[in-house]
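Below: the structure, in structure tokens.
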Amino acid sequence: MVWVAVVTSLILLVLLIIFILMNQQPVNIQFLGLEGTVSLGMALFIAAVAGGILVAAAGAARIIQLRSITHRTWRLHHRG
């Protein structure tokens with residue numbers, strides 16, 4: 001099962017590299033007063049990674065919240 005995940009990840013990585021290499025047109029990027037030029041493929045990759053980080057952070061915050069609620073509920077029911 002691990003090998004399937006590794007092979008699938010490698011195939012996706014190769015496809016990502018091909019995507020970035022095929023989209024080398026320069027684009028102007030502006031963000032919070034910063035400005036620069038980056039290839040289109042790299043700009044899209046950076047945006048996808050940033051989105052993934054935001055989703056992971058929101059998920060982690062929710063997991064922490066649920067663990068806290070579960071711990072509090074467990075202590076309340078197992079006092080004695």
Side-chain angles (χ1 to χ4, degrees):
M1 199 63 182
V2 172
W3 283 107
V4 173
V6 169
V7 170
T8 302
S9 297
L10 287 174
I11 290 170
L12 289 173
L13 184 60
V14 168
L15 292 173
L16 179 63
I17 291 169
I18 291 169
F19 174 79
I20 290 172
L21 291 174
M22 290 181 71
N23 290 285
Q24 288 296 310
Q25 306 88 341
V27 292
N28 292 324
I29 303 293
Q30 298 174 358
F31 182 70
L32 297 175
L34 301 172
E35 191 173 333
T37 302
V38 160
S39 70
L40 175 62
M42 190 56 65
L44 292 172
F45 176 70
I46 292 168
V49 169
I53 290 170
L54 289 174
V55 168
R62 181 66 177 150
I63 288 171
I64 291 168
Q65 181 185 38
L66 290 173
R67 283 185 179 174
S68 174
I69 291 169
T70 302
H71 183 69
R72 207 174 313 129
T73 304
W74 186 86
R75 275 192 304 161
L76 184 66
H77 287 82
H78 291 89
R79 268 191 191 163

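Counting from 1, the numbers follow the sequence of the chain as shown. Only this structure's heavy atoms are used, side chains among them; waters, hydrogens and symmetry mates stay out.
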If I compare all heavy atoms of I29 with all of A43, which pair ends up nearest, and what's the gap?
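That would be CD1-CB, 4.0 Å.
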Starting at OG1 of T73, measure out to CG of L66 and round the result to the nearest 0.5 Å.
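Here the rounded value is 10.5 Å.
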Atom CG in L13, atom CD1 in I18: separation rounded to 0.5 Å?
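That separation rounds to 10.0 Å.
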Give me the one residue out of V6, V7, T8 that meets side-chain contact (heavy atoms from CB on, under 4.5 Å) with V4.
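By the side-chain contact (heavy atoms from CB on, under 4.5 Å) criterion, V4 pairs with just one of V6, V7, T8: T8.
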Derivation and outcome, side chain to side chain contact (heavy atoms under 4.5 Å, CB included), residues M42 and L40
CA-CA 5 Å; M42 190 56 65; L40 175 62; over 6 Å; no
Residues that W74 engages under ring pair (Phe, Tyr, Trp, His ring centres under 6.0 Å), provided they are two or more places apart:
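Here the qualifying residues are H78.
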So [Y] and [X], do their side chains get closer than 4.5 Å, heavy atoms only?
X: L76; Y: R72; value: no
X: M22; Y: I20; value: no
X: L12; Y: L16; value: no

Grouping I, L, V, M, F, W and Y whenever their side-chain heavy atoms are under 4.5 Å apart, do V27 and V49 come out in a common cluster?
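Linked within one cluster.
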Joint hydrophobic cluster, I46 plus F19, side-chain heavy atoms closer than 4.5 Å
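Yes, I46 connects to F19 through the hydrophobic network.
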